[in-house]
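The figures that follow rest on heavy atoms only: side chains count, while hydrogens, waters and symmetry mates do not. What you see is a predicted model, and the numbers here were worked out from it, not measured in a lab.
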Amino acid sequence: MGYVLHRNKANLNMMPTYQRIIKRNRLKSVHKFVDDKKGYFPNSIIISIDSGNKNDLEFKKANTQSDSSISKIGLLYLPKKYRSAFIIDGQHRLYGYANSIYKTSNSIPVVAFLNLNRTEQVKLFMQINENQKAVSKNLRNTLNADLLWTSDNYTEQLTALRSRIAIFLGESRNSALYDKISIGEDNKIITQQAFENALKKCNFLGKVSKNRIERLGSFYNGDLDECYNRLSELLRFTFNYFKNCVPNLWDDPNSIIVINKGIYAIIKIQSDIIDHLLHKEIISKTHKPKVIFDESKTYLDSLIIFFQDMDEETEKNLRKAYGTAGDTKYWRTLQQVIQDDHPEFSPSGLEEYRKKEEKEYNTKTFEYVREIETFFKEDFKEKLINEFGGGWLKKGVPPSTLKKAHDLAFEKNMQIEDEDNEVENWDCLTIIAYRSIALKNWRPIFEKEYSRLEEGKKSGNKEDKTKWMVHLEKIRNKTVHDYYVSEEEFSFVENIYDWLIKNRN
């Protein structure tokens, strides 16, 4: 009897249709909810009954029915007809019972309309789905603070704990995050989910499973109330310290700190600092939150200075990293900042992350530099030949630059046994050598295509406009000698590559 007007090609002849195709995963989740969790749905399924040739359905009123009642109690006889009950809303709830152990014993509340035509069914479907609002993730997280607090499930307890800490910091007027965290259905700068993810992934709360505590955390010892009080205070001290030290950055509507990944990283880095202090036995788990925070300030001060001195390139790189990788990048960046000032600070995984980043940036930077040098070799030669003709090498290259190239070529060729593999003077020019050639022939040949000022500058002479080549040479030497190439340096080389080569092709 039940039928769903799915929107698919097979139903084109039955237009208009409106229902979305049933999702297998959703059916499984409904089935699990009903059978495993003993769940039930108190809301009604909406249907339209097609009575066929009859205008009405057979209804037998109960003998106990009061004549003065608005409602009618009795038995409604449905037509014994294929495809006579069109399901307008609730298809997943209904078919989720198909394989349930309760399919023959549970009753499902139904609101039924009689003989709605297809167009009216579509309108009703639209009204239901446009006007009902799903419970937002933020609201679910907020409600969890109360619903799961007294659960016997340790996983649910910590879910409630994380939610309650986020609510405390977002709603307390003496918190730097007051009115900055999305609580309930409020839409603020920081999502409650981002805040709770940081608490979930750091060591403050340890690790639990459904039935037991697998590892105690730096603040969680099995007592929810104690952990809530102590950790909430520590985080309040921490965020208030940042706000007090960098008030302009903190309150800036475009702040690089008060964003999801920034708050995530600060929570994670403070957990790293506490772990370090515990390992060095500078603090103990029984110390008061204020004492613990005071000991952490010397490490947090490195971050304060980092944020105060942050250049545009660094900020840009932190902003443009998105998703989980972006959260990790921001956090690992803060770890590296602290380690630069405090070499004994060595959180788990940082060294491996550094090596991975170094390898990634060094390799790609080296590839870009090699392509840029090849481009110089071909482009400079072509431009000089066009300008000077046959005597381009002597006329276009400064004598001191040409002599250095000659000497280097001589040294290399002395070590090459096969004469066919010997190099020429032009093969031995450095990036700085190309700069000297550009400066010698600036206005007639190179000014138009090789002028590049530092960001923020609007004018400059030819030395200023070719300083980028000096910086490029320094980075090039790093890649040759296996030194660490930073992300900022990689970004600089990538921009030069795009400007010179990629965007001209």
Side-chain angles (χ1 to χ4, degrees), residues 198 201-204 206 215 217-219 234-235 237-239 241-242 244-246 249 256-257 261-285 287 289-311 313-318 321 325-366 471 474-475 477-492:
K201 294 181 180 180
C202 65
N203 194 41
F204 282 133
R215 186 185 73 249
S218 56
F219 271 68
L234 175 78
L235 293 177
F237 289 139
T238 302
F239 288 116
Y241 188 65
F242 275 93
N244 293 334
C245 291
V246 285
L249 271 177
I256 185 61
I257 306 176
K261 69 181 78 172
I263 299 305
Y264 174 94
I266 290 175
I267 293 173
K268 292 266 289 177
I269 199 70
Q270 182 63 299
S271 177
D272 293 332
I273 294 170
I274 302 307
D275 288 343
H276 172 71
L277 294 174
L278 287 169
H279 178 71
K280 295 292 183 180
E281 297 184 347
I282 297 171
I283 61 171
S284 72
K285 292 183 179 181
H287 275 131
K290 184 63 168 65
V291 174
I292 294 175
F293 165 72
D294 287 341
E295 291 292 344
S296 74
K297 282 199 296 186
T298 184
Y299 300 92
L300 297 178
D301 286 341
S302 297
L303 303 181
I304 298 297
I305 296 171
F306 167 73
F307 285 120
Q308 289 172 332
D309 298 340
M310 183 182 292
D311 56 41
E313 192 65 31
T314 302
E315 180 175 342
K316 179 183 175 182
N317 287 331
L318 288 179
D327 294 341
T328 300
K329 177 181 176 57
Y330 202 126
W331 164 52
R332 292 295 189 185
T333 299
L334 299 191
Q335 286 183 329
Q336 292 178 43
V337 168
I338 293 177
Q339 191 178 67
D340 289 342
D341 289 345
H342 305 273
E344 79 284 359
F345 178 76
S346 184
S348 174
L350 177 58
E351 190 60 32
E352 290 76 9
Y353 181 81
R354 267 188 188 271
K355 289 178 180 178
K356 182 180 177 182
E357 292 286 290
E358 289 172 11
K359 182 178 180 181
E360 176 185 345
Y361 291 128
N362 276 39
T363 302
K364 195 62 182 177
T365 301
F366 180 76
H471 190 34
K474 291 179 180 177
I475 298 173
N477 291 337
K478 278 189 174 185
T479 65
V480 171
H481 297 97
D482 292 328
Y483 290 133
Y484 166 59
V485 175
S486 69
E487 184 179 2
E488 289 74 23
E489 291 170 327
F490 165 74
S491 180
F492 171 81

Legend entry - Worked check of side-chain contact (heavy atoms from CB on, under 4.5 Å) between Ile292 and Phe219: CA-CA 11 Å; Ile292 294 175; Phe219 271 68; 4.0 Å; yes
Legend entry - Trp331 and Leu350, any side-chain heavy atoms less than 4.5 Å apart: no
Legend entry - Spacing of CD1 belonging to Ile304 relative to CG belonging to Asn244, to within rounding of 0.5 Å: 9.5 Å
Legend entry - Any Ile256 side-chain heavy atom under 4.5 Å of Met310 side chain: yes
Inset, instruction - State the CZ-CG distance between Phe293 and Leu235, to the nearest 0.5 angstrom. - result: 11.0 Å
Legend entry - Separation of Gln336 CD from Phe345 CZ (nearest 0.5 Å): 11.0 Å
Legend entry - Residues forming a side chain to side chain donor-acceptor pair (under 3.5 Å) with Asp340, sequence neighbours excluded: Arg354
Inset, instruction - Not counting sequence neighbours, which residues clear side chain to side chain contact (heavy atoms under 4.5 Å, CB included) with Glu295? List them please. - result: Leu277, Ile282, Ile283
Inset, instruction - Sequence neighbours left out, what passes side chain to side chain contact (heavy atoms under 4.5 Å, CB included) with Asp309? Give chain and number order. - result: Ile305
Inset, instruction - Using a 4.5 Å cut-off on heavy atoms from C-beta on, say whether the side chain of Ile269 contacts that of Asp272. - result: yes
Legend entry - Set of residues satisfying salt bridge (Lys or Arg N to Asp or Glu O under 4.0 Å) with respect to Asp341, sequence neighbours excluded: none
Legend entry - Residue pair Ile266 / Ile257, side-chain heavy-atom distance below 4.5 Å: yes
Legend entry - Residues that Lys285 engages under salt bridge (Lys or Arg N to Asp or Glu O under 4.0 Å), provided they are two or more places apart: none
Legend entry - With sequence neighbours excluded, residues passing salt bridge (Lys or Arg N to Asp or Glu O under 4.0 Å) with Glu488: none
Inset, instruction - For Glu344, check side chain to side chain donor-acceptor pair (under 3.5 Å) against everything at least two apart and list the hits. - result: Tyr299
Legend entry - Test item: Leu249 and Phe242 side chains (from C-beta on) under 4.5 Å apart, heavy atoms: no
Inset, instruction - Determine the minimum heavy-atom distance between Ala265 and Leu334, stating which atoms define it. - result: CB-CD1, 3.8 Å
Legend entry - Student check: side-chain heavy atoms of Leu318 and Lys261 closer than 4.5 Å: no
Legend entry - Taking every non-hydrogen atom, the tightest pair across Ser302 and Val337: O-CG1, 3.6 Å
Legend entry - Nearest-0.5 Å distance, CG of residue Asp301 to CD1 of residue Ile338: 10.0 Å
Legend entry - Gap between atom CG of Leu234 and atom OG1 of Thr238 - 0.5 Å precision: 4.5 Å
Legend entry - 4.5 Å side-chain heavy-atom contact, Phe366 and Val485: no
Legend entry - Contacts of type side chain to side chain donor-acceptor pair (under 3.5 Å), residue Ser491, not counting sequence neighbours: Glu313
Inset, instruction - Please identify each residue that fulfils side chain to side chain donor-acceptor pair (under 3.5 Å) with Thr328, with sequence neighbours left out. - result: none
Inset, instruction - State, with a plain yes or no, whether a side-chain heavy atom of Asn477 is found less than 4.5 Å away from one of Lys474. - result: no
Legend entry - Gln308 to Cys245 - nearest heavy-atom pair and separation: NE2-O, 3.6 Å
Inset, instruction - Begin from the C-alpha positions of Ile263 and Tyr330 and carry the test side-chain contact (heavy atoms from CB on, under 4.5 Å) through to its verdict. - result: CA-CA 10 Å; Ile263 299 305; Tyr330 202 126; over 6 Å; no
Legend entry - side chain to side chain contact (heavy atoms under 4.5 Å, CB included) partners for Lys364, two or more places apart: Glu367, Tyr368, Phe490
Inset, instruction - Give a yes-or-no answer on whether the side chains of Gln270 and Ser296 include a donor-acceptor pair shorter than 3.5 Å. - result: yes
Inset, instruction - Could you list the residues that satisfy salt bridge (Lys or Arg N to Asp or Glu O under 4.0 Å) with Lys280, not counting sequence neighbours? - result: none
Legend entry - Partner residues of Cys202 under the side chain to side chain contact (heavy atoms under 4.5 Å, CB included) criterion, sequence neighbours left out: Phe204, Ile267, Lys268, Ser271
